[in-house]
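Atoms considered below: every heavy atom in the structure, side chains included; atoms not considered: hydrogens, waters and symmetry mates.
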Amino acid sequence: TRDEAALLAELAPAVRPDLVLVGFYLNDSVGQVGYPDVYRIPPWLRWSRLVQRAVVGWSRYPHRARLGSRYEWVPAFLERRWVSDREAYERLVALAVADWGAAWREDSWPEVEEGFRRMLDLGRRWRFRVAAAAFPVSVQIESRVADDRPQRRFKALADGLGIPSLDLLPVLASTRGRLFYDHCHL
């Protein structure tokens with residue numbers, strides 16, 4: 001949400017919205033993984049795969065140094081034991097701490113709150129309202145282990161800040177068929 005608040009600070013004066021609807025995703029507290037395109041590779045080196053891989057590694061280093069590998073959870077996700085086994089589910093959430101699993105950790109929420117407070121401050125300054133919708137991860141939809149801990153935590157935060165919010169977990173869980181392209185994208 002810090003990244004979204006920074007973008008909103010940049011755009012609000014020009015766009016002048018009446019309402020800003022924030023799509024909150026469970027990994028919003030961990031920040032963005034660095035993008036290699038912010039680093040300029042000299043034209044005479046662009047052909048080199050080694051240089052390209054070095055730039056990707058360098059751009060992602062700050063995130064990895066702070067949180068570890070963002071995708072450590074993928075092998076356990078692909079095993080799919082988490083669908084019916086609570087212990088496997090909890091293990092998957094713990095492995096995903098550098099990504100969407102951060103929402104299960106209380107220490108990830110102060111950064112989320114700070115981002116929303118900044119958006120509310122911008123709303124007061126530029127006269128717009130802020131509302132939010134919380135998106136689940138596919139694990140929450142596909143597992144037989146019912147778990148809405150992050151959504152309950154988000155609701156408490158939104159209610160405390162006076163932000164109207166919508167939890168999309170119940171409605172998405174009630175649909176039939178495959179909804180997600182991958183673990184998070186609809």
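Of all non-hydrogen atoms in Ala102 and Ser108, the two that sit nearest each other are O-OG, 2.7 Å. Here the shortest heavy-atom pairing between Ala132 and Ile163 reads N-CG2, 4.0 Å. Between Pro13 and Glu10, the shortest heavy-atom distance links the atoms CD-O, 3.8 Å.
In this structure, Arg91 CZ and Asp85 CG are separated by 10.5 Å, a value rounded to the nearest 0.5 Å. From Ile141, atom CD1 reaches atom CG of Leu172 across 5.0 Å, with rounding to the nearest 0.5 Å. Separating the CZ atom in Phe77 from the CG atom in Leu95 is a distance of 13.0 Å, to the nearest 0.5 Å. Going from atom CZ of Phe135 over to atom CG of Asp28 covers 10.5 Å, rounded to the nearest 0.5 Å. Note that CG of Asp148 and CG of Leu169 are 6.5 Å apart. Values are rounded to the nearest 0.5 Å. Between the CZ atom of Phe128 and the CG atom of Leu120 there is a distance of 8.5 Å, given to the nearest 0.5 Å.
Checking side-chain atoms of Trp104 against main-chain N and O of Pro150 turns up no donor-acceptor pair under 3.5 Å. The backbone N or O of Val137 sits less than 3.5 Å from a side-chain atom of Gln140, completing a donor-acceptor pair. A donor-acceptor contact shorter than 3.5 Å links the side chain of Ser143 to the backbone of Trp82.
Taking a cutoff of 4.0 Å between a charged side-chain nitrogen and a carboxylate oxygen, Arg86 and Glu90 qualify as a salt bridge. In summary, Arg124 and Asp121 engage in a salt bridge, as defined by a charged side-chain N under 4.0 Å from a carboxylate O. Ion pairing between a basic and an acidic side chain is recognised when a charged N comes within 4.0 Å of a carboxylate O; Arg2 and Glu114 show no such pairing.
Considering only heavy atoms from C-beta on, Gln151 comes within 4.5 Å of Leu26 through its side chain. Proximity of Leu168 to Pro136: side-chain heavy atoms (C-beta onward) are separated by under 4.5 Å at one or more points. A heavy-atom distance below 4.5 Å is found between the side chains of Val83 and Arg144. In this structure the side chain of Lys155 never reaches within 4.5 angstrom of the side chain of Asp167, judged on heavy atoms. Put simply, the side chain of Arg80 reaches to within 4.5 Å of the side chain of Glu142, judged on heavy atoms. At a threshold of 4.5 Å between non-hydrogen side-chain atoms, the residues Tyr89 and Leu92 do not count as touching. Residues Arg105 and Val97 meet the side-chain proximity criterion, which asks for heavy atoms closer than 4.5 Å. Using a 4.5 Å cut-off on side-chain heavy atoms (C-beta onward), Pro75 and Leu78 make no contact.
Under the 4.5 Å side-chain heavy-atom criterion for ILVMFWY residues, no single connected hydrophobic cluster contains both Leu21 and Leu11. Under the 4.5 Å side-chain contact rule for hydrophobic residues, Val171 and Val22 share a cluster. The cluster map of Ile, Leu, Val, Met, Phe, Trp and Tyr, joined by side-chain heavy atoms under 4.5 Å apart, puts Leu19 and Trp126 in different clusters. Leu179 and Val139 fall within a single hydrophobic cluster, where Ile, Leu, Val, Met, Phe, Trp and Tyr are joined by side-chain heavy atoms under 4.5 Å apart, directly or via other members.
Counting heavy atoms of neighbouring residues, nucleotides and ligands inside a 6.0 Å radius, atom CG of Asp107 exceeds 12 of them. Environment of CZ in Arg127: sparse, with no more than 12 heavy atoms of neighbouring residues, nucleotides or ligands closer than 6.0 Å.
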Problem set entry | Worked check of side-chain contact (heavy atoms from CB on, under 4.5 Å) between Leu161 and Arg117 | CA-CA 8 Å; Leu161 295 174; Arg117 284 187 185 281; 3.5 Å; yes

Problem set entry | Derivation and outcome, salt bridge (charged side-chain N to carboxylate O under 4.0 Å, His left out), residues Arg153 and Glu106 | CA-CA 9 Å; Arg153 181 62 179 89; Glu106 190 58 35; 3.0 Å; yes

For this session: Quick one: do Arg81 and Glu87 satisfy salt bridge (charged side-chain N to carboxylate O under 4.0 Å, His left out)? Show the steps, please.
Result: CA-CA 9 Å; Arg81 287 191 15 239; Glu87 191 174 307; 6.0 Å; no

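Paired with Trp100 under the rule ring-ring contact (aromatic ring centres under 6.0 Å, His included), one option of Trp73, Tyr25, Phe180 passes, and it is Trp73.
Taking the six-membered ring for Trp and thresholds of 30 and 60 degrees, Phe24 and Phe116 have ring planes inclined between 30 and 60 degrees apart.
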